Colleague: 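One structure is given below, represented as structure tokens, and several questions about it will come after.
In this text the structure is predicted, and so the values were computed from the model without any measurement. Letters A, B, ... mirror the listed sequences (proteins, then strands); counts begin at 1.
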Protein chains: 2
Amino acid sequence: MTEAPPTAGRRGDDTRQAIEIAAIDLFAELGYHAASMRQIADRAGIRPAAIYHWFESKESILTRLQNDFIDQLEDAVEEAVNQADDPVGKMAAAVREHVVFHGRHTRAAFVTDSEIRALSPNSRQHLLARRDAYEAMFKQLITKGIESGDFRVSDPAVASFAILLQCTGVALWYDPEGSLSLDRIASIHVELVLGSLGVKVQT
Amino acid sequence: MTEAPPTAGRRGDDTRQAIEIAAIDLFAELGYHAASMRQIADRAGIRPAAIYHWFESKESILTRLQNDFIDQLEDAVEEAVNQADDPVGKMAAAVREHVVFHGRHTRAAFVTDSEIRALSPNSRQHLLARRDAYEAMFKQLITKGIESGDFRVSDPAVASFAILLQCTGVALWYDPEGSLSLDRIASIHVELVLGSLGVKVQT
DNA sequence: GCAATAGCCTAACGGTCGTTCATGAAGCTG
DNA sequence: CAGCTTCATGAACGACCGTTAGGCTATTGC
């Protein structure tokens, strides 16, 4: 009784993955509205109608991509944070993992961030709530660091926005072929962030 | 021989401004591709065909908005920088003006940044070149500050990306009705940036 | 007062969009 | 084998897109 392929048909759900990859790339290159179902189908190697066997609508492709990205980002950063004890270490771990994750998934990160307004009201509210929860984690890290005397900032809310924006922005310019490794870029951002939080330099 | 109105017809070029305002708002709310000429015309109080009396195409509305925004941003920041002498003062002035300008023109800033990919290749290249030149100004401010011994950063290029991203991002979340004034937000960003550049705190 | 023109209109063009429908080939199940 | 499900297809639907052609009106310059 060996593991049988769960689905029938010709390809299994490689097709689903092909659609998702095509959609990420096209949404990132052209934007959600400028990328058509026909283009997605072309790049996935199928006819447009076949997409509707795997997704109920164009928007459902987008929401799937976005929620998958946030799922994985949350998991990765939470795990990194939990492996440090003090506020400085936790913030450094969070920044490093956030940067690395955005560098490894530049297109998905970009689509998740920039196409929120393309969603219908319900999906948009849902995604914004998830994004807010993620941001709240950083804000709380800052607040804890202030209480412990490790950080010195005027406004934790503004600081968390600023930190997340600069780290998320790595997805906009990072080039795997470039001269800087992702680890190096992450280290630089940890330095910048800890500096802006008023942490004593620990060279 | 008093100054005569330069154009004839019913409204002068109030119409042109109405189209630009409608376009900024709709591009910001829905995105360039999701906003239609009919919606722009509706909001400007005219019929779609009338837009083509003032603009030769939908894309020319976008490029006009984007280039106007960069024109004014460049002027404002350059003037602010020129009124300071030392690297720390220049960077503080640049950050403050950049933040204030983005807070005062959130929608235009957002459209200029996020709809570059909607442009045809020629217009896109032109706008990217202008953006690069603007970023180079910040990078040079950092380099000068390092040479003078005022700043301490590992990588000026990455630092300038990070600084600009967090300051530009103000356009994404700033709310004029919120509890923080734009001046206050600008001051906080000056603190954060100077901190990340390793400037001694000057309370 | 008369021609020219600026400004805006209605109507329509060809094209593309997201989506649906009916159909059929291929594999699994009993 | 028969029957069901999975996966994909070609063709078409109505809606909407950016844009244009042609005409009307009011103001301007002479």
Colleague: Please tell me which of the listed nucleotides, D:dC7, C:dG7, D:dC17, lies nearest to the side chain of A:Trp54?
Modeller: D:dC7
Colleague: Counting side-chain heavy atoms from CB outward, which of C:dG18, D:dA21, D:dG18 is closest to B:Lys58?
Modeller: D:dG18
Colleague: Do A:Glu59 and A:Ser120 meet the criterion of a side-chain donor-acceptor pair at a distance under 3.5 Å?
Modeller: yes
Colleague: Tell me the interatomic distance from B:Leu26, atom CG, to D:dC17, atom C1', rounded to whole angstroms.
Modeller: 15 Å
Colleague: Would you please test B:His189 and A:Phe161 for ring-ring contact (aromatic ring centres under 6.0 Å, His included) and show each step?
Modeller: CA-CA 11 Å; B:His189 276 85; A:Phe161 284 157; 9.4 Å; no
Colleague: For B:Phe55 and C:dA6, give me the distance from atom CZ to atom C1', rounded to whole Å.
Modeller: 16 Å
Colleague: Do A:Asp183 and A:Ser181 have a side chain donor and acceptor closer than 3.5 Å?
Modeller: no
Colleague: At under 4.0 Å, does any side-chain N or O of A:Ser57 touch on OP1 or OP2 of C:dG18?
Modeller: no
Colleague: Could you tell me the separation between the CD1 atom of A:Ile40 and the P atom of C:dT16, rounded to a whole number of Å?
Modeller: 17 Å
Colleague: Nearest to the A:His53 side chain among C:dC17, C:dG7, D:dT6, which nucleotide is it?
Modeller: D:dT6
Colleague: Tell me, with the steps shown, if A:His98 and A:Tyr134 meet ring-ring contact (aromatic ring centres under 6.0 Å, His included).
Modeller: CA-CA 11 Å; A:His98 183 97; A:Tyr134 181 77; 5.7 Å; yes
Colleague: Grab the CG-P distance between B:Asp14 and C:dG7 for me, whole Å please.
Modeller: 11 Å
Colleague: Mind checking A:Arg47 for me? I need base, sugar-phosphate or nothing, with any heavy atom below 4.0 Å counting as a touch.
Modeller: sugar-phosphate
Colleague: How long is the line joining CG of A:Asp13 and C1' of D:dA8, in whole Å?
Modeller: 15 Å
Colleague: From the list C:dC21, C:dC9, D:dT19, which nucleotide is the closest neighbour of the side chain of A:Ala49?
Modeller: C:dC21
Colleague: Could you report the tightest heavy-atom contact between A:Ala44 and A:Ala22, atom names first, then the distance?
Modeller: N-CB, 4.2 Å
Colleague: What contact category does B:Ala35 fall into here, base, sugar-phosphate, or nothing, at under 4.0 angstrom with non-hydrogen atoms?
Modeller: sugar-phosphate
Colleague: Does A:Ser36 put a side-chain nitrogen or oxygen below 4.0 Å from OP1 or OP2 of C:dT16?
Modeller: no
Colleague: Quickly work out the A:Ile51 CD1 to D:dT9 C1' distance and round it to whole Å.
Modeller: 13 Å
Colleague: Give the rounded distance in Å between these two atoms: CD1 of A:Ile46 and P of D:dG10.
Modeller: 12 Å
Colleague: Taking atom P of C:dT19 as reference, at what distance in whole Å does atom OH of A:Tyr52 sit?
Modeller: 3 Å
Colleague: Name the closest nucleotide to the B:Arg38 side chain, picking from C:dC17, C:dA12, D:dT9.
Modeller: C:dA12
